[in-house]
Structures are given as C-alpha cells and as structure tokens.
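Contents: one structure, followed by commentary.
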Amino acid sequence: MTAAAVGLSHSPLIGKNDPDPEVLVRVDRAVEGAREFVRAHDPELVVLYAPDHYNGFFYKEMPPFCLATEAHAVGDFGTSAGPLSVDTAAARALARGVLDRGVDLTVSARMTVDHGFAQPLEVLFGGIDKVPVVPVFVNGVATPLGPVGRVRALGTAIGRAAAELDRRVLFLASGGLSHDPPVPVLDGAPPRVADALIEGRPPTPEQRAKAEQRVVQAGRDYAAGSTAMIPINPAWDNRFLDHVENGELAEFDTWTVEGMAGEGGNSAHEVRTWIAAFASLAATGPYDLVSRFYEAVPAWIAGFAVATAKGR
Ligand SMILES: O=C(O)/C=C/c1cccc(O)c1O
Ligand SMILES: [Fe+2]
C-alpha cells in the first residue's frame, strides 16, 4: 500500500478577512506545494479527518468520532453545499476494520459536515465531490473531550484497516493549530443558545449570516489585538509540528485537554485531526515529512500550518 498524509489548517475567514499580501503569498506557495504533492501521489481514496462547528453534531448526541458512509455539506461561510463523493464500500470496510480492532466508533449513514470538511476538499481537489473520500468526524470543539491517546488509537486502527484495502490512500487532516475563535460553549450558555447547541435546529439564512459576520468581526478584532481571545501560540504550534515531523506521536498521549486549551486556545483541539491522520500513516509504516509550513495568521484566527508526508 502506498500512503501519504497532508495536514492543512482551515479557516472560514480565508478570502473574507485576509492578512497582508506578503503573508498570502507565503501561504499560497505552501498550499500550492501541498496540491502538487497530492497530484503526484494521485490518491485512489482520501480519508478526511475534520471537526465540526455545530453544523452536523450537537449535544443531543455528541460522539468523539464518527465515520460516514454518506455525507453532505451545509455550505457555511460560502463553502460548497451538497454531497461529498463518499466511497461507501471503503467507508464500510474501514468502519468494520476499526471496530474489529477494538476501537469504538460511531457510524453515520448520512453525515452533515461543514467548512471543516468542505474547505480542504475545495482547496486541494477543486471541489467537495472530486475524489473518493471517507469522512471521519473528530470532535475538537465540543467539550468534554477524551484523552488524546484515543484519537491516536482511532487513527492507528483506520491506518491498519486502510492498508488492507490495497489502494493509494491519502490521510488528510483539517484543522488547528492554536486558535480561539468565538465558537459557542454549552457550559454557561443562555437557554436559547444552549437549546441550539443541544437540538441543532438548522439556522435561518439570516441567523447564519449574523453568526458568520460575528466570526468575521472576531477575526478583525483578533488581528487588531483588541480581544480577550487566547492568542495564537507559535511556540506551541511548532512544538506540535516537531513531534509530527519526528514521528513522536505517542508524545501527544501525555497532553491534557486543559493544557492544550490553555496553551493553544479552545479550538486547539482541532489538532486531534492531525494526530489521527499521522497515526494512520504511521500505522502503514515509517514516514518522512516532505514539507512543513507554519505562519500565525490572526486575521484568519489560525495558527496556520501545512505539512505533507509520505510512507518510506
Ligand atoms: O464559527 C465557526 O464555525 C468556526 C470558525 C473558525 C474560525 C477560525 C478558524 C477555525 O478553525 C474555525 O473553525
Ligand atoms: Fe475550525
């Protein structure tokens, strides 16, 4: 089996609240490098690990992970709406393989996903329906969260199961690194907000537009430094990338939920997608990092990273 991995930060503020042109040039160059890497790998299957931001998963039932045998995107923040081209047979095989290896997994036969899934597919493949994909939701937003070691176990089990498919696979992670966007929190939320987070009633277009405008404004405030949000933490982000580069994934088992939020902000847990993807690649054999890019981009509320790796 030939396997590769890409880690890619997402931000719904890309194109809506952009940083200085020289930052954009550096990011674009890194993203184009990832596109070339993916083109050269020419994956027959993409296993996409991404979080959700209360568009598909709600507190009525909030699984730590969920693998989809079918999925459609809501089209938030201007990303595409509609079905992803899920490889249902491969998804079922991976779900079976994960459960057989003793890792509990929720399966969805109709998963709703947001920009966390749609953006990396658009950026790397030109659309949400261009490549056979198995979407895997990894909760990185809605506390309480379990130990990071369980994410690594999930990624390892998926990697081993994927190896049995005997296809060229790309493990793709969407999210992170350090960042603290104004995603609502259930704890202490006013009853109307709590009800929305629990029940997940679809917002009206007006409600969605208002919520998205709030995030855009937060990006402006973050960039201006006039905010109480936890700052982007380049030292923490680079420590994270060092461990990924060196294949020291077991190190993340010692990281705590509280420590990660304290150092990297409440959405730093999105790095769980990276841990899952690189654990999947590591489960197929030793890997080498091919490229690594990092830049703190407050306008996007993102410790923005792009990394590519392939099995030896
Ligand atoms: O409000 C949301 O749905 C998400 C916002 C956001 C902002 C910046 C970086 C991210 O990873 C996000 O999900
Ligand atoms: Fe996010």
Side-chain angles (χ1 to χ4, degrees), residues 7-19 23 27 31 48-59 62 73-81 112-123 135-143 145 172-186 189 193 196-197 200 202-203 205 207-224 227 229-234 236-237 240 260-261 264-277 294-306:
L8 179 62
S9 296
H10 65 242
S11 170
L13 303 182
I14 295 173
K16 294 188 168 54
N17 192 40
D18 282 335
V23 177
V27 172
V31 170
L48 172 54
Y49 297 99
D52 176 66
H53 312 77
Y54 300 112
N55 287 297
F57 290 90
F58 302 92
Y59 276 103
M62 181 60 74
V74 292
D76 61 327
F77 289 97
T79 54
S80 310
T112 302
V113 303
D114 67 13
H115 67 272
F117 286 85
Q119 190 172 85
L121 291 173
E122 290 179 337
V123 166
V136 182
F137 160 71
V138 177
N139 182 15
V141 172
T143 55
L145 299 173
L172 174 56
S174 168
L177 304 187
S178 64
H179 64 310
D180 195 30
V183 178
V185 175
L186 181 61
V193 176
L197 295 180
Q207 285 168 330
R208 188 177 285 289
K210 203 168 152 203
E212 293 184 0
Q213 193 46 44
R214 213 174 115 248
V215 180
V216 173
Q217 187 55 48
R220 292 190 182 132
D221 295 345
Y222 211 37
T227 167
M229 295 185 311
I230 296 167
I232 293 167
N233 185 341
W236 187 82
D237 290 339
F240 176 81
M260 290 168 78
N266 292 302
S267 285
H269 304 298
E270 286 187 355
V271 298
R272 286 169 175 249
T273 62
W274 286 60
I275 294 167
Y294 176 77
E295 179 119 13
V297 188
W300 290 345
I301 321 183
F304 198 93
V306 188

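Whatever order the structure lists ligands and atoms in, that order sets their numbers, starting from 1. FYI, side chains are in, hydrogens and waters are out, and symmetry mates aren't considered; it's all heavy atoms of this structure.
- Of all atoms in ligand 1, listed by their number and element, those nearer than 4.0 Å to a heavy atom of I301 are 8 (C), 9 (C).
- Residues N266 and V183 form no side-chain contact, since every pair of their non-hydrogen atoms from C-beta on lies 4.5 Å or further apart.
- Between H115 and ligand 1, an N or O atom pair is found at a separation short of 3.5 Å.
- Which parts of ligand 1 touch E270 is read off a 4.0 Å heavy-atom cut-off, strictly below it: atoms 11 (O), 13 (O).
- Taken to the nearest 0.5 Å, the CG atom of L177 stands 9.5 Å off from the CZ atom of F304.
- Closest to atom 7 (C) of ligand 1 by heavy atom, among G176, G116, G140, P12, is P12.
- No other N/O/S atom of H53 lies as close to the Fe ion (ligand 2) as NE2 does.
- At a cut-off of 2.8 Å, H115 does not coordinate the Fe ion (ligand 2) through any N, O or S atom.
- With a heavy-atom cut-off of 4.0 Å, F77 touches ligand 1 through its side chain alone.
- The Fe ion (ligand 2) has no N, O or S atom of H179 closer than 2.8 Å.
- Using a 4.0 Å cut-off between heavy atoms, S9 makes no contact with ligand 1 at all.
- A donor-acceptor pair shorter than 3.5 Å cannot be found between the side chains of Q119 and S174.
- Ring geometry for F240 versus W236: interplanar angle under 30°, hence parallel rather than tilted (30 to 60°).
- Residues P51 and T273 form a side-chain contact, since some pair of their non-hydrogen atoms from C-beta on lies under 4.5 Å apart.
- Inspection of the H115 and T79 side chains reveals no N or O donor paired with an N or O acceptor under 3.5 Å.
- Note on ligand 1: W300 sits in its first shell, one or more heavy atoms being nearer than 4.0 Å.
- Close contacts between ligand 1 and H10 involve ligand atoms 9 (C), 10 (C), 11 (O), 13 (O) [criterion: under 4.0 Å to a heavy atom].
- The proximity of E212 to ligand 1, defined as any non-hydrogen pair under 4.0 Å, does not occur for either the backbone or the side chain.
- With rounding to the nearest 0.5 angstrom, the CZ atom of F117 is 7.5 Å from the CG atom of D52.
- Looking at N55 next to ligand 1, no N or O pair under 3.5 Å apart turns up.
- Protein heavy atom closest to atom 13 (O) of ligand 1, with residue, atom name and distance, is H53 NE2, 2.7 Å.
- More than 12 heavy atoms of other residues, nucleotides or ligands lie within 6.0 Å of CZ in R220, so this atom counts as buried by the packing criterion.
- At a 4.0 Å cut-off, at least one heavy atom of V215 sits close enough to ligand 1 to count as contact.
- The nearest N/O/S atom of E270 to the Fe ion (ligand 2) is OE2.
- The aromatic rings of H53 and H10 sit perpendicular to each other, their planes meeting at more than 60°, with 30° as the lower class boundary.
- Taking 4.5 Å as the limit, some side-chain heavy atom of D180 sits within range of a side-chain heavy atom of Y222.
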